[in-house]
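In what follows, a single structure is set out as structure tokens and then discussed.
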Amino acid sequence: MNSEEPEMHREQHQHHHHHHKRRRTGWTVTKVILVILGVLIIAGGAFAAKVYMDVNQTAKTVYKPKGKTQNKRKVSEKVELNKKTPFSILLLGTDTGALGRTEKGRTDTMMLATVNPATKETNMLSIARDSRVPIVGYGQTAKINAAYAYGGIPMAVNTVQAFLNVPVDYYVLVNMKGLEQLVDAVDGVTVDNDLDFTAGGYHFPIGKVSLDGDKALAFSRMRHEDSRGDFGRQLRQQSIVQAVLKKAFSLNMVTNYNNFLQVLENNMQTNITLKDAINIQKNYGDAMNFKTHQLKGSGQMIDGQSFQVMSSSEVANMSRILRTQLDLK
């Protein structure tokens, strides 16, 4: 994948009002999981040959290997989905309008999930986009969301692996273009809201709220009315991810699968094959009990830029949690 180096000055002197454009990626990662599970649901059922052929074509269209990444697993720890090996998946949401654009954009939504069918748990870590880390292969320390812009999927994967000392087995990358289409493709989601606020022209009361695509975008992008700032935003992202994932597993996509597949083809790429997807659908459905995590760190201004700086002990503890879920020593 060709890497374009973005202008470094665009990270200088960032102000809050600049985040309005970035925040539109608010929960693009929700689409990420929709993408995976949409394929799983359709492929896993006893559908007609034409449906299978359509799904297979979509799987081929969105498939793209990780590229040259540093393997963090030992041979004895190889992932075998047909044997229910715990695995990890890096969920990335870019701030571009389409994957085919020349400018890659930054992955302002980043989550690393570890899935373990034996413990029946999925641990979901939201990685703050401003986390200050060494960018593997770039030779500089920068915000973690720049890794993809500098070196595509390989650099993003390698940077996350080095930061957390956790292998990244799979990735899913989604852009902004199909956000509302994908939510609407599953007829919306319902989430628990812990903060009364208004955003994007919508009022979100405390309690259960039903979201279509447009409302989900507004719900997840808000952070200035939340005293928790970006961390509150991450919690809303996670709640939508969980709601969509659970609903996707229960949906019958027969009646609108063509539209669903088209949205997927236009807005994502992944190294998950159709065979992988079928095995995940068959063997990992029990791992739907979610545990959410955040690395909070401390906000610091360094060389005129605002970073989240994580303590080594905080990172080490999170690494231990995730590696334990992956059955790694």
Side-chain angles (χ1 to χ4, degrees), residues 1-5 28-29 31-40 42-43 54-83 85-94 96 98-107 109-115 127 135-138 144-175 177-178 261 263-281 283-284 326 328:
M1 182 178 294
N2 293 330
S3 171
E4 282 194 22
E5 182 173 326
T28 51
V29 77
K31 299 181 301 178
V32 164
I33 292 195
L34 260 176
V35 165
I36 303 168
L37 296 176
V39 174
L40 306 188
I42 300 171
D54 290 340
V55 174
N56 188 47
Q57 181 57 47
T58 295
K60 289 180 179 179
T61 300
V62 302
Y63 178 78
K64 190 164 188 177
K66 285 189 294 187
K68 295 182 179 180
T69 58
Q70 299 170 1
N71 189 353
K72 299 289 279 188
R73 281 185 178 270
K74 300 176 183 177
V75 175
S76 61
E77 299 168 344
K78 179 181 177 181
V79 173
E80 296 181 87
L81 296 176
N82 61 330
K83 295 183 179 180
T85 305
F87 69 89
S88 67
I89 179 167
L90 180 62
L91 313 171
L92 304 168
T94 67
T96 54
L99 287 173
R101 286 181 58 178
T102 302
E103 181 184 357
K104 292 189 186 75
R106 300 192 170 211
T107 49
T109 299
M110 304 181 74
M111 292 188 189
L112 182 64
T114 56
V115 185
I127 303 172
I135 306 299
V136 177
Y138 191 68
I144 197 168
N145 69 347
Y148 174 71
Y150 294 161
I153 291 299
M155 192 169 288
V157 167
N158 287 335
T159 297
V160 170
Q161 288 187 148
F163 175 46
L164 296 171
N165 190 29
V166 173
V168 173
D169 302 310
Y170 300 102
Y171 82 91
V172 179
L173 173 71
V174 180
N175 63 38
K177 189 177 179 182
L261 293 181
V263 175
L264 302 189
E265 289 186 20
N266 291 340
N267 294 284
M268 64 132 339
Q269 69 181 47
T270 180
N271 66 331
I272 296 177
T273 66
L274 181 58
K275 182 180 179 180
D276 292 336
I278 292 173
N279 275 320
I280 292 172
Q281 191 274 337
N283 299 321
Y284 295 80
L326 293 174
L328 302 177

Do [X] and [Y] have side chains that approach each other closer than 4.5 Å (heavy atoms only, starting at C-beta)?
X: I280; Y: L81; result: yes
X: Y148; Y: L173; result: yes
X: N158; Y: K68; result: no

Report task. Could you pull out all residues at least two apart from E77 that satisfy side chain to side chain donor-acceptor pair (under 3.5 Å)? Result ->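 Residues passing side chain to side chain donor-acceptor pair (under 3.5 Å) with E77: none at all.
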Mind checking what makes side chain to side chain donor-acceptor pair (under 3.5 Å) contact with Q161, not counting sequence neighbours?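 For Q161, no residue satisfies side chain to side chain donor-acceptor pair (under 3.5 Å) once neighbours in sequence are set aside.
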[X] (side chain) donor-acceptor with [Y] (main chain) under 3.5 angstrom:
X: T69; Y: P154; answer: no
X: Y284; Y: T85; answer: yes
X: N267; Y: V174; answer: no
X: S88; Y: P167; answer: yes
X: N271; Y: D169; answer: yes
X: N56; Y: L274; answer: no
X: K64; Y: I153; answer: no

- Item | Contacts of N165 that satisfy side-chain contact (heavy atoms from CB on, under 4.5 Å) - sequence neighbours left out |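 If we apply the side-chain contact (heavy atoms from CB on, under 4.5 Å) test to N165, skipping adjacent residues, the hits are K72, S319, R323.
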**Message:** For Q57, give me all partners under side-chain contact (heavy atoms from CB on, under 4.5 Å), at least two apart in sequence or on another chain.
**Reply:**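 Counting only residues at least two positions away or on another chain, Q57 forms a side-chain contact (heavy atoms from CB on, under 4.5 Å) with T61.
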Quick one: salt bridge (charged side-chain N to carboxylate O under 4.0 Å, His left out) partners of K83, sequence neighbours excluded?
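Listed in chain order: E80.
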Measuring from [X]:[atom1] to [Y]:[atom2], what's the distance to the nearest 0.5 Å?
X: N82; Y: I278; atom1: CG; atom2: CD1; value: 12.5 Å
X: F87; Y: N279; atom1: CZ; atom2: CG; value: 10.5 Å
X: T159; Y: I127; atom1: OG1; atom2: CD1; value: 10.5 Å

Which heavy atom in [X] sits nearest to a heavy atom in [Y], and how many Å separate them?
X: R106; Y: A149; result: CG-CB, 4.1 Å
X: M268; Y: L264; result: CG-O, 3.0 Å
X: M110; Y: N145; result: SD-CA, 4.2 Å

Self-check item: Residue pairs involving residues 152-164 (criterion salt bridge (Lys or Arg N to Asp or Glu O under 4.0 Å); sequence neighbours excluded)
Solution: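 For residues 152-164, and leaving out neighbouring residues, there are no salt bridge (Lys or Arg N to Asp or Glu O under 4.0 Å) pairs at all.
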- Verdict with reasoning, Y171 to I89, per side chain to side chain contact (heavy atoms under 4.5 Å, CB included): CA-CA 5 Å; Y171 82 91; I89 179 167; 5.7 Å; no
#### Entry: Y170/D276 under side chain to side chain contact (heavy atoms under 4.5 Å, CB included): CA gap, chis, key distance, verdict
CA-CA 10 Å; Y170 300 102; D276 292 336; 3.7 Å; yes
**Request:** Could you check L90, L92, L91 and say which one makes a side chain to side chain contact (heavy atoms under 4.5 Å, CB included) with T107?
**Result:**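 Testing T107 for a side chain to side chain contact (heavy atoms under 4.5 Å, CB included) against L90, L92, L91 leaves exactly one candidate, L92.
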